[in-house]
There are 2 protein chains.
Amino acid sequence: MKNGKVTMSDVAKRAGVDISTVSRVLNSSFEKHKYSDKTVAKVRKAVDKLGYHPSLVARSLRTGKTMLLGMVMSDIGNPFFSEMAFHLDGIMGEYGYRLIVCNTNEDPERQEEHIVGMLAHGVDGLIVSPSGKRGLDRIENSDVPLVVIDRPLSNGFSFVGLDNVLAGKMVAQKLKAHNYRRIGVVMPDSKEDLTLQERLDGLKTGLKDEGCILSWKVCIPPTAVAGEESHRAIVNKLKKELDYPDAIVGITNVCTLNIISSLEELDLVWGESLGVVGIDDFTAASIVRPSITVVGQPIKRIAEESFALLLKQIKEDKKKLKKETVLVEPVWHCRKSLPVR
Amino acid sequence: MKNGKVTMSDVAKRAGVDISTVSRVLNSSFEKHKYSDKTVAKVRKAVDKLGYHPSLVARSLRTGKTMLLGMVMSDIGNPFFSEMAFHLDGIMGEYGYRLIVCNTNEDPERQEEHIVGMLAHGVDGLIVSPSGKRGLDRIENSDVPLVVIDRPLSNGFSFVGLDNVLAGKMVAQKLKAHNYRRIGVVMPDSKEDLTLQERLDGLKTGLKDEGCILSWKVCIPPTAVAGEESHRAIVNKLKKELDYPDAIVGITNVCTLNIISSLEELDLVWGESLGVVGIDDFTAASIVRPSITVVGQPIKRIAEESFALLLKQIKEDKKKLKKETVLVEPVWHCRKSLPVR
DNA sequence: CTGAAAGCGCTTACAG
DNA sequence: CTGAAAGCGCTTACAG
């Protein structure tokens, strides 16, 4: 009780019972221990009077569980991840888990540091949106449950993320349904990210099935944010083409952002003669006029599935249960940039 | 060593030394303990071979310090806070601290829960952007160092945030310098948030000093996001006025967002005959065309100052050191919506 | 230069 | 129905 910290033995002393009694009353371990109402009351009163809160670090040391689940995010500034964290936090809370998050900012070294840190702090499980695979092996060795989100890694970790092929197909179908035929696409120039390739593949085969054509494609640097260079590339392409496509598809939200800023620079209005549609939602999509139609990720679903997978691993504790992959269906956010023509 | 967890005594055994030796070698406590090179080498080798990582929960229990600093944010989806977390994370890392963040989503009850949780987990300090004062008393009672950011609370906690009066003044000065005279303002209708009042006060006195006039003011609901009702209010005001003001000021980023969407609805183009300027930056501000000029918060500065204040409290450990308030200067993001006329 | 021992604050068999 | 004791994995006086 010195220096403000009330401990369990302070409570025991005050209640005139053994410390183990306090512990059991507080944890309602009543299977084998039916304490008298009087004892329970004494303990509760002492707890209240003293304002006792158990030390989770002591408890963790004893039980080996911290009830802490870690989320290692690649980009805390991306609304996808912050919304994800928000939902995870809510869901986990119901199961008595607390979420702690850290941000690698797409830096693999930082990712490893943070993973090591989370492990050292004894998290009971980890959800990571990877930037490369550095540090992931640490988790494997430690036997701490792991689920990877957003970007699948070639190693077979449990994974939940968007069905990217389907997203591409859905875009193709919508394009056809709204009578767009000649399609342009903007995509990041990255071999690493299979996600992107899948989206493109889905789009291509979808387009073919629908009898549409991919009239051009421009690649932009795979940096996270909209940049001058990307901008240039698109503007140049647009200037060079004699006739514009019916619609332009952004493979990622950054691509779509670049598309609209390029169009603005050229004083082209989208949503009338020129359709725009993107994969992945973003804040500005609904703010910009005309607002942008996109297929997005069902973030809450992803959060739920991730937690479910993690919880299963925690409960089964045998690492023997095989890794699962959950692909979730994209959802349409139909706005103004792709009207029926 | 059973079940994958390598402990310090495993290392000691393998190195053939006492566990205390391992501890001291690892922590380089060499003031009084000059171990022989041979011993040090033995220990390090054992550590490597075994892949030992110290248990921070055990260490915390022993030392009473977790080296964990908590950030309780009111809105993880707000880029201001996520950027803040990003910078904090970086700065703290250099001092051996790890940041854990949680999100109250502007829910006071959740705020209290999260504060209790962070405290139970033994964080060494807390940075909170409050939604009301619920739970803050818990921190005070616990003697854990605290610094409040963003919104000052009437209780005298250490605080770092924007100099809001100055922000208002800076806007007034810029308006004058760019030859705008008749000014409209949009502001949230909230008595609670003194921040807002300060901004308005700064603007008003600034405007007076500069010989400009506040020609009208519209209040919108104090909800966090842009909404239909706010939109209506502004549109109606605009329709009713015979002649528009020279420029409209958004007191918060949400206000500014509402201003531009209202203007869009009325097919009014800002940045030409009608200036727009806001307090507080936001993502769309640079995406929308014409882009929006704002005075924003120097987020990194705020992160640095917050950490400095926290660290001081941690080091001095005497709660006797008085609460400090740090007000940081706003910074201009000059874009296209407020050209010189 | 190195070790033996106590203790941080809990939980949980084991006993009665 | 209740208690005494061991132990989770560390650090740190204390001793030598």
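Letters go in sequence order (proteins before strands), and every chain restarts at 1.
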Quick one: B:Leu56 CG to C:dC8 P, roughly how many Å, whole number? 20 Å

Would you name the heavy atoms of A:Gln111 and A:Leu136 that are closest together and state the gap between them? NE2-CD2, 3.2 Å

Of the candidates D:dG9, D:dC1, C:dC10, the side chain of A:Met8 sits closest to C:dC10

Looking at the side chain of B:Thr39, which of D:dT12, C:dT11, C:dC1 is the nearest nucleotide? C:dC1

B:Met71 side, atom CE; B:Leu310 side, atom CG - distance, nearest 0.5 Å: 12.0 Å

Considering only side-chain heavy atoms of B:Tyr35, which listed nucleotide, C:dC1, D:dC10, D:dC1, is closest? C:dC1

A:Thr63 has its side chain closest, among D:dC10, D:dC8, C:dT11, to C:dT11

Salt-bridged, A:Glu106 to A:Arg151, with N to O below 4.0 Å? yes

Can you measure B:Lys42 atom NZ to C:dC1 atom P for me and round it to whole angstrom units? 14 Å

Please state how far atom NZ in A:Lys5 lies from atom C1' in C:dC10, giving the value in whole angstrom units. 14 Å

B:Ser60 side chain near C:dC8 phosphate (N/O to OP1/OP2, under 4.0 Å): no

Which one, D:dA5, D:dC10, C:dC10, comes nearest to the side chain of A:Ser20? D:dA5

Using 4.0 Å as the upper bound for N to carboxylate O, is an ion pair formed by B:Glu324 and B:Lys312? yes

Assess whether a salt bridge exists between B:Lys5 and B:Asp10, defined as any Lys/Arg side-chain N lying under 4.0 Å from an Asp/Glu carboxylate O. no

Kindly point out which of C:dC1, D:dC10, D:dC1 is positioned nearest to the side chain of B:Arg62? D:dC10

Looking across every strand, which nucleic acid part, if any, lies under 4.0 Å from A:Ser36 by heavy atom: base, sugar-phosphate, or nothing? sugar-phosphate

Watson-Crick/G-U partner (both atom distances under 3.5 Å) of C:dC14: D:dG3

If you assign each of A:Asp18 and B:Asp18 to its closest nucleotide in DNA chain D, which residue comes earlier from the 5' end? A:Asp18

Side-chain N or O of B:Ser23 closer than 4.0 Å to phosphate OP1/OP2 of D:dT11: yes

Flag the pair A:Val101 / A:Leu99 as yes when at least one side-chain heavy-atom distance between them is below 4.5 Å, and no otherwise. yes

How would you label the contact of A:Val57 with the nucleic acid (heavy atoms, under 4.0 Å): base, sugar-phosphate, or nothing? nothing

When we call it a touch if two heavy atoms are under 4.0 Å apart, what does A:Ile19 touch: a base, just sugar-phosphate, or nothing? base

Is any side-chain nitrogen or oxygen of A:Thr21 closer than 4.0 Å to OP1 or OP2 of D:dG3? yes

If you check every side-chain atom of A:Arg24, which of C:dT12, C:dC10, D:dC10 has the closest atom? C:dT12

How close or far is atom P of D:dG9 from atom CG of B:Leu50, stated in whole angstroms? 14 Å

Map B:Val17 and A:His53 onto DNA chain C by nearest heavy atom, then report which one ends up closer to the 5' terminus. B:Val17

Protein-nucleotide distance (A:Met67, atom CE; C:dT11, atom C1'), rounded to Å: 15 Å

B:Asn27 CG - D:dA13 C1' separation (whole Å): 15 Å

Can you identify which nucleotide, out of D:dG9, D:dA5, C:dG9, has its nearest atom closest to the A:Ser55 side chain? C:dG9

Roughly how many Å is it from CG in A:Leu26 to P in C:dT12, rounded to a whole number? 13 Å

